There are 2 protein chains.
Amino acid sequence: MTAIKENSTIQENKQYALDTCPVTYAMQKIGGYWKPIILYHLSGGDKRYSEIKRAIPAVTEKVLIQHLKQLELDGLIIREAKPVVPPFVTYRLSAAGTGLMPVISAMATWAFKDMEGAFGA
Amino acid sequence: MTAIKENSTIQENKQYALDTCPVTYAMQKIGGYWKPIILYHLSGGDKRYSEIKRAIPAVTEKVLIQHLKQLELDGLIIREAKPVVPPFVTYRLSAAGTGLMPVISAMATWAFKDMEGAFGA
DNA sequence: CATGGCACATACTTTAGGGTAAGTACTTGT
DNA sequence: ACAAGTACTTACCCTAAAGTATGTGCCATG
């Protein structure tokens, strides 16, 4: 289902990468420009939409929501909306999102080492 | 140098992400479609160009070389060319590249868990 | 009465990255 | 003479993702 355009080799290739490479699978889910940053901010606890927005001023609203929706679809975060007069929406990490944290921090650790040339730059 | 177009907000945003997020930094380096796969194949030991090519038939030569050059530039792999009659080029992981392996496998582990719904899909 | 905050949506544009196809220089095998 | 292998390069195309700009409904406040 969710039909992929048949006449597109690029899609086949993507599919191949997804099938053969779990890392590519993971990247699909955290590979947005801002997704790791969002995830990081949520790792500190629940946040409402406007808090996230203020925490990451460089991202546009469109992209932020786009990513939040995607992360929700991917089951990494959970959206809770209270149907009150001024909208009140909170986002928090799901189990899968929490399970991603070690990965994120492993990457971060590596990045810091690499940045300071610990691998012999 | 390698001047970034000044009048481009997208570049500023990328820069911001790179500065504030080590994960984004790491993704820059392993975020190509085939980079993790290449890295994985090299983790099994040195390989020559044509071996890699045969190991990953789905990737085109252009992209493969593109990624190899990039990985070399980023210091993740080391290229050794013997100036012999038929070219003989081998690629292998650098220290930084090896240091990335735990990260890769952490991602893979998470991906497998997530795929089988271990987080409560 | 209009301005601003909240949580979005929508239309349009741009760019980086991946894909296709073809060519290069040199040599060995038939 | 010609195909085939090795390691690339180059020119051009197409798409997905990020960006820009603007609008929406609702309410409170100045």
Side-chain angles (χ1 to χ4, degrees), chain A residues 4-18 21 24 27-38 47-73 77 79-91, chain B residues 2 4-18 21 24 27-38 47-72 77 79-91:
Chain A
I4 295 170
K5 270 192 213 157
E6 299 149 272
N7 56 348
S8 176
T9 309
I10 190 173
Q11 292 299 345
E12 286 167 26
N13 282 347
K14 289 194 177 182
Q15 199 50 50
Y16 173 87
L18 271 173
C21 183
T24 303
M27 300 253 249
Q28 284 283 111
K29 307 211 157 193
I30 58 168
Y33 247 90
W34 306 99
K35 285 195 196 159
I37 303 179
I38 295 171
K47 284 224 161 71
R48 2 184 351 188
Y49 171 78
S50 52
E51 287 183 291
I52 303 175
K53 206 182 95 174
R54 271 190 298 271
I56 320 170
V59 71
T60 63
E61 284 192 82
K62 180 204 141 191
V63 173
L64 179 54
I65 290 188
Q66 208 170 268
H67 281 146
L68 287 170
K69 299 265 167 206
Q70 191 58 53
L71 289 168
E72 196 198 352
L73 259 177
I77 63 174
R79 193 189 100 112
E80 261 167 321
K82 290 176 190 162
V84 292
V85 230
F88 193 95
V89 182
T90 35
Y91 293 92
Chain B
T2 59
I4 296 172
K5 272 192 210 155
E6 300 150 272
N7 57 346
S8 176
T9 309
I10 190 173
Q11 293 297 346
E12 287 166 25
N13 282 348
K14 289 195 177 184
Q15 198 52 51
Y16 172 87
L18 272 173
C21 183
T24 302
M27 300 256 249
Q28 283 284 111
K29 307 212 157 193
I30 58 168
Y33 247 92
W34 305 99
K35 285 194 195 159
I37 302 178
I38 294 170
K47 282 224 162 71
R48 23 190 322 199
Y49 171 77
S50 51
E51 287 183 293
I52 303 175
K53 204 181 96 176
R54 272 190 297 269
I56 319 171
V59 71
T60 64
E61 285 192 82
K62 180 203 141 190
V63 173
L64 180 54
I65 291 188
Q66 209 170 267
H67 281 148
L68 287 170
K69 299 265 166 205
Q70 192 58 54
L71 289 168
E72 196 198 351
I77 63 175
R79 194 188 100 113
E80 260 167 322
K82 290 176 189 161
V84 291
V85 229
F88 194 97
V89 182
T90 34
Y91 292 92

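Convention: sequence-line order gives letters A, B, ...; per-chain numbering from 1. Owing to the predicted nature of the structure, the values given are computational and were not obtained by experimental measurement. The figures that follow rest on heavy atoms only: side chains count, while hydrogens, waters and symmetry mates do not.
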Checklist entry - Looking at the side chain of A/T60, which of D/dT6, D/dT20, C/dC8 is the nearest nucleotide? => result D/dT20

Next on the checklist: Here's a test of your reading of the structure: between A/G31 and A/E61, which maps to the more 5' nucleotide of DNA chain D?
Outcome noted: A/G31

Checklist entry - What's the closest nucleotide to the B/S50 side chain, out of D/dA18, C/dG19, D/dA7? => result D/dA7

Checklist entry - How many angstroms lie between OG1 in B/T90 and CD in B/E80, if you round to the nearest 0.5 Å? => result 5.0 Å

Item to check | Nucleotide nearest B/R48 (side chain, heavy atoms from C-beta), chosen from C/dC8, C/dG18, D/dT6 | outcome: D/dT6

Checklist entry - Between D/dG5 atom C1' and B/E51 atom CD, what is the distance in whole Å? => result 14 Å

Item to check | Sugar-phosphate only, base, or nothing, as touched by B/K69 at under 4.0 Å among non-hydrogen atoms | outcome: sugar-phosphate

Next on the checklist: Are B/V59 and B/I37 packed together at the side-chain level, in the sense that at least one heavy-atom pair is separated by less than 4.5 angstrom?
Outcome noted: no

Next on the checklist: Does A/K53 reach a base, just sugar-phosphate, or nothing at all? Heavy atoms under 4.0 Å.
Outcome noted: nothing

Checklist entry - For the pair made of CD in B/Q66 and P in D/dT10, what is the distance, rounded to whole Å? => result 12 Å

Checklist entry - Any side-chain donor paired with an acceptor under 3.5 Å for B/Y49 and B/E61? => result yes

Checklist outcome for this item: Value for OG1 (B/T60) from CD1 (B/I65), rounded to nearest 0.5 Å, stands at 9.5 Å

Item to check | A/K47 NZ - C/dC6 P separation (whole Å) | outcome: 15 Å

Checklist entry - With a non-hydrogen cut-off below 4.0 angstrom, is B/P87 in contact with a base, only sugar-phosphate, or nothing? => result base

Checklist entry - B/R54 side chain N/O closer than 4.0 Å to the phosphate oxygens (OP1, OP2) of D/dG5? => result no

Checklist entry - In whole angstroms, how far is the C1' atom of D/dT9 from the OH atom of B/Y49? => result 10 Å

Checklist entry - Rounded to whole angstroms, how far apart are NZ on B/K62 and C1' on D/dC14? => result 11 Å

Checklist entry - If you measure from NZ on A/K69 to CD1 on A/I77, what distance do you get to the nearest 0.5 Å? => result 9.5 Å

Checklist entry - Within less than 4.0 Å of OP1 or OP2 of C/dG17, is there a side-chain N or O belonging to A/Y33? => result no

Checklist outcome for this item: To the nearest angstrom, the CD-C1' distance between B/Q28 and D/dA18 comes to 14 Å

Item to check | Interatomic distance, A/H67 NE2 vs D/dA16 C1' [rounded to whole Å] | outcome: 11 Å

Item to check | Rounded distance (Å) that lies between atom P of D/dC8 and atom CD of B/E80 | outcome: 13 Å

Item to check | Nearest-nucleotide comparison on DNA chain D, the residue closer to the 5′ end among A/V63 and A/P86 | outcome: A/V63

